[in-house]
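Beneath this line is the structure, given in structure tokens, with notes to follow.
Below, chain A is the first sequence line, B the second, and so on; all start at residue 1.
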Amino acid sequence: MSTCDPLEGGAALTPLDRELYRGDTVEVARRLLNCLLVHETDAGTIVGRIAETEAYTQDDPACHAFRGMTRRNSPMFGPPGHAYVYFTYGMHYCFNAVTGPEGVGEAVLIRAVEPIEGWELMSRHRGLPEEEIKRLTASLEDPVKRVRLARKLCGGPGKLCQAFDLGGAANGTDLTCPGSLWIGGMPNPEAFPVPKICSTRRIGIRLNVDAPWRFTLRDDPYTSR
DNA sequence: ATCTCGATAGTCT
DNA sequence: GACTATCGAGATC
């Protein structure tokens, strides 16, 4: 079990306010931990608790926006609170939340989530055989099996995009509007103890490798790598 | 558990 | 033409 059940109490979940995204990008990356990523699709709703983030600021050589605006990175320069979904390595998508004021090219990469709702749908999107899906989703009571499947489904930026069915079509989505793709805060943040936030070096980059702008929660197993 | 390696295509130089 | 904010399979320990 996670340290706190984000959906406990069934309180209405509402999107985070755009003003939150407008703030300091490193601060937003910390703030997005434990928030809920929601994708309402025709086939059903998918929800994940954000377990791992990375901050990319405009003055950072590892940031796509470091050399200015291009057609690809233009969403980063748009208003905060929108999605920046890009394609990389010829096969993967990565999902970011645009941060900072309009005109500043910054974003937070979502690297891993803990599946909360829509396990079956995620498994299907990830290409697991139907029989295996039945077997695995039937044994989620077992904490070990639960974590194992969680990391298989959403334990990495490319994996979670596939599980959530996020591709080019999701690029530019306003994350503050419920109905399709959005990020919700904890129904009642004050009711839960906030675990300690850990910061480490970011993963999979070559430039500015020493900046400690990858964030996780202490003792949270639902992370990548 | 930890590693190497290949696949694959959009973007920028 | 070179590079990538990656993943999974297969090898090896």
Name the closest nucleotide to the A:K159 side chain, picking from C:dT6, C:dG8, C:dA5. C:dG8

Would you check, one step at a time, whether the test side chain to side chain contact (heavy atoms under 4.5 Å, CB included) holds for A:T216 with A:L33? CA-CA 7 Å; A:T216 55; A:L33 289 173; 5.6 Å; no

Toward the 5' end of DNA chain C, which comes first, A:R126 or A:Y56, by nearest nucleotide? A:Y56

Along DNA chain B, 5' to 3', what are the outermost nucleotides having an atom less than 4.0 Å from a heavy atom of chain A? B:dA7 to B:dT13

Side-chain touch A:E106/A:V28, heavy atoms, less than 4.5 angstrom: no

Side-chain contact test, heavy atoms from C-beta onward, threshold under 4.5 Å: evaluate it for A:T14 versus A:P178 and give yes or no. no

May I ask whether A:L109 and A:M91 are part of the same hydrophobic cluster, defined by side-chain heavy atoms of I, L, V, M, F, W, Y residues being less than 4.5 angstrom apart, directly or through others? no

Whole-Å distance between C:dA9 C1' and A:K152 NZ? 12 Å

How long is the line joining CG of A:L153 and C1' of C:dC7, in whole Å? 14 Å

Sequence neighbours excluded and cut-off under 3.5 Å, please list the side-chain donor-acceptor pairs for residues 154-168 of chain A, or say none.
unit_1: A:K159; atom_1: NZ; unit_2: A:R151; atom_2: O; d: 3.2
unit_1: A:Q162; atom_1: OE1; unit_2: A:R126; atom_2: NH1; d: 2.5
unit_1: A:Q162; atom_1: NE2; unit_2: A:H125; atom_2: O; d: 3.4

Can you run through DNA chain B from 5' to 3' and write each base as (, ), [, ], | or . depending on how it pairs? Watson-Crick or G-U wobble, both distances under 3.5 Å. |||||||.||||.

Round to a whole Å and report the spacing from CZ of A:R206 to P of C:dC3. 8 Å

Residues of residues 99-112 of chain A with a heavy atom under 4.0 Å from any atom of DNA chain C, listed by number, are A:L109, A:R111

Answer yes or no for A:R111 and A:F95: cation-pi contact, defined as NZ/CZ to six-membered ring centre under 6.0 Å and angle to ring axis within 45°. no

Decide yes or no on side chain to side chain donor-acceptor pair (under 3.5 Å) for A:E52 and A:S224, but give the supporting numbers first. CA-CA 8 Å; A:E52 181 179 342; A:S224 69; 2.8 Å; yes

I'd like to check, for A:Y89, whether its ring lies over the base of C:dT4 with centroids under 5.5 Å apart and a plane angle smaller than 30°. yes

Strictly distance-based, threshold 3.5 Å: is any side-chain N or O of A:N96 a donor or acceptor partner for the main-chain N or O of A:V98? no

According to side chain to side chain contact (heavy atoms under 4.5 Å, CB included), who are the partners of A:H64, at least two apart in sequence or on a separate chain? A:R72, A:N73, A:M76, A:Y84, A:Y86

Test side chain to side chain contact (heavy atoms under 4.5 Å, CB included), reference A:C94, set A:V85, A:I110, A:T88, output is A:T88

note: A:Y84, atom OH; C:dA5, atom C1'; distance rounded to Å ~ 9 Å

Expressed in angstrom and rounded to an integer, what is the separation of A:I205 atom CD1 from C:dC3 atom P? 17 Å

Please assess A:E19 against A:Y21 for the test side chain to side chain donor-acceptor pair (under 3.5 Å), listing each intermediate value before the final yes or no. CA-CA 5 Å; A:E19 289 318 302; A:Y21 296 99; over 6 Å; no

Can you confirm whether A:E114 sits close enough to A:I50 that some side-chain heavy atom of one is under 4.5 Å from a side-chain heavy atom of the other? no

Is there side-chain contact between A:V108 and A:Y56, with at least one heavy-atom pair below 4.5 Å? no

Could you tell me how far apart A:N96 (CG) and C:dT6 (P) are, to the nearest whole angstrom? 11 Å

Find out if a path of hydrophobic residues (ILVMFWY) with successive side-chain heavy-atom gaps under 4.5 Å connects A:I46 to A:Y93. yes

Regarding A:R214, tell me which of base, sugar-phosphate or nothing describes its non-hydrogen contacts under 4.0 Å with the strands shown. nothing

Within residues 62-74 of chain A, those residues having any heavy atom closer than 4.0 Å to DNA chain C are A:A62, A:H64

